[in-house]
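One structure below.
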Amino acid sequence: MTNTVTQTADGDIAEALCDQVREAHASRTPLRIVGGDTRAFYGRPVEGQALNLAGHSGIVDYDPVELVVTVRAGTRLSALDAELAKNHQMLAFEPPAFGEASTIGGAVATGLSGPRRPWAGAARDFVLGTRVITQEGKLLRFGGEVMKNVAGYDFSRLMAGAQGTLGVLADISFKVLPLPSASHSLRLSMGIDDALKKLAELGRQPLPITAAAWHQDELFIRLEGGHSSVKATRERLGGDDLDASFWQQLRDHQHAFFTPSEGQALWRLSLPPNTPPLALDINDADMLYDWGGSQRWVKTSLDADTLRDACRTAGGHATCYTPYAQGGAQSPFTPLPSVVEKYHRNLKAELDAQGIFNPGRLYAAF
């Protein structure tokens, strides 16, 4: 382990960002918050003056012994991953990187997590604290740098997945975890019904599984942990060896499945664990199961209502990753229940009364 890493003021443009927010608030000018701009496809498009955080970058503080890192929002994911790897550590939620310019601020703002999410936790589970630029252009600190931060309203984790609609993430503190000492990936040939039964069976046992996916009659499993545990489970499950790059390609949508198909939109179906295949007429579709079946990717020409009704019946929801592929008629996100929408509106009105932060990014009305 190395000693604590503390960066100088280089890369800190928080004051300039605060000035721009203050001016926008006074003039009611909408702001489009931009980092690497690699996640612009996710959610609704935003019309507004760019607030560019790419220059607000660098590691502020890193203590490998305490497993805590504080980083500026414009820091590239690749740079943060490389620094953590020097100490054999990682961001356990495996944030997707949709390009070399992907930033940690964008990863938290979208709240997206990679293949390890069901076994390790979501992005918000690892956020310890933040510095946020408020609607008045003030730079305020929320949370702390320890896991026992439970008193009061957890504003920092609220920012995860808010898509920049409640404020501007400036700095973020994370809990990091050690890299596993052993890792092995394998593939097994089986249909989806058998695969889901197999995963349900394995999920009831203390096995070192940290990722599970299925596509075109092949089940993919990643084992991580101690050498003896990984070896024993590998021998028990059998199958063929799988190159570990599969999980990075799946995480970052570089797998061949994610190649756009004419006339089809890409949908993400989020469902409860052990949900059987949905009763959908998707003969024209290609499907990829991730998160042990709880996250399902579908490329299809089916309409939004059909997909969302099926997901709602199963206790889940559907999000369109190419919402304007079919003439721009459909919203990317499932409409909120009226009670939940009321809370969203009230929160937005309290934290962004002028509606300057990424207006319409999540829903047209706020």
Side-chain angles (χ1 to χ4, degrees), residues 32 36-47 96-102 106 110-115 161 163 187 190-193 195-196 213-220 245-271 275-336 358 360-365:
R32 182 173 70 91
D37 213 23
T38 60
R39 295 173 175 80
F41 66 89
Y42 184 66
R44 300 171 58 87
V46 175
E47 297 293 334
F98 299 115
E100 178 58 31
S102 285
T110 53
L112 301 179
S113 305
Q163 300 241 66
R187 72 172 80 214
M190 63 182 69
I192 186 56
D193 291 326
L196 291 175
W214 178 92
H215 184 231
Q216 294 183 343
D217 292 329
E218 287 190 312
L219 176 62
F220 309 95
S245 63
F246 171 86
W247 304 107
Q248 178 266 321
Q249 293 169 1
L250 175 60
R251 180 196 70 189
D252 298 344
H253 290 194
Q254 295 173 353
H255 187 278
F257 168 85
F258 295 100
T259 302
S261 300
E262 186 176 354
Q264 293 185 325
L266 176 65
W267 286 85
R268 172 185 178 269
L269 313 184
S270 180
L271 299 163
T275 299
L278 300 182
L280 291 169
D281 182 11
I282 52 176
N283 294 326
D284 74 325
D286 191 7
M287 296 191 68
L288 188 154
Y289 287 56
D290 193 7
W291 295 2
S294 292
Q295 176 172 257
R296 302 178 188 180
W297 297 99
V298 185
K299 288 194 301 185
T300 181
S301 58
L302 278 179
D303 63 278
D305 289 341
T306 299
L307 280 167
R308 285 180 170 145
D309 286 347
C311 286
R312 189 180 299 111
T313 300
H317 62 271
T319 300
C320 188
Y321 270 54
T322 49
Y324 303 100
Q326 300 174 2
Q330 58 197 35
S331 172
F333 301 111
T334 297
L336 297 172
N358 278 359
R361 179 71 170 174
L362 287 171
Y363 297 95

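Taking SG from C311 and CZ from R296, the interatomic distance works out to 8.5 Å, rounded to the nearest 0.5 Å. Separation of atoms CD (Q264) and CG (L302) is listed at 9.5 Å; rounding is to 0.5 Å. Between D309 atom CG and L278 atom CG the span is 11.5 Å, to the nearest 0.5 Å. Interatomic distance, CZ of R308 versus CG of L269, reported as 10.5 Å (0.5 Å rounding). Note that the OG atom of S245 and the CZ atom of R251 stand 11.5 Å from one another [nearest 0.5 Å].
Aromatic pair Y42/F333: ring centres closer than 6.0 Å. Aromatic pair F258/Y321: ring centres not closer than 6.0 Å.
In this structure, D286 and H215 have side chains that are in contact, with non-hydrogen atoms separated by less than 4.5 Å. In this structure the side chain of P115 never reaches within 4.5 angstrom of the side chain of F246, judged on heavy atoms. Proximity of L196 to Y289: side-chain heavy atoms (C-beta onward) are separated by under 4.5 Å at one or more points. For the pair F98 and L112, the minimum side-chain heavy-atom distance is below 4.5 Å. Between I192 and M287, every side-chain heavy-atom pair lies at or beyond the 4.5 Å cut-off.
Residue T110 comes nearest to Q163 through the heavy atom pair CG2-OE1, 3.4 Å, listed as atom of the first residue, atom of the second, then distance. Considering every non-hydrogen atom in both V46 and R32, the closest pair reads O-CD, 3.3 Å. Of all heavy-atom pairs between C320 and A265, the closest is SG-CB, 4.0 Å. Contact record, A195 with L219: CB-CD1, 4.3 Å, taken as the closest heavy-atom pair. The two atoms that bring S102 and T38 nearest to each other are OG-OG1, 2.8 Å, heavy atoms only.
Between D290 and R268 no salt bridge is recorded (no basic side-chain N to carboxylate O distance below 4.0 Å).
Looking at T334, its side chain does come within 3.5 Å of a backbone N or O of A318 through a donor-acceptor pair. Side-chain atoms of D252 never come within 3.5 Å of backbone atoms of Q254 as a donor-acceptor pair (strictly under, hydrogens ignored). Looking only at distances, a side-chain donor or acceptor of W214 sits under 3.5 Å from a matching main-chain atom of M190. In terms of modelled atom types and a separation under 3.5 Å, the side chain of T322 and the main chain of L266 share a donor-acceptor contact. The closest donor-acceptor contact from the side chain of W291 to the backbone of G114 lies under 3.5 Å. Formation of a donor-acceptor pair under 3.5 Å by the K299 side chain with backbone atoms of T259 is found in this model. Side chain of R44 to main chain of L362: no donor-acceptor pair is present (N/O by atom type, distance under 3.5 Å, no hydrogens or angles).
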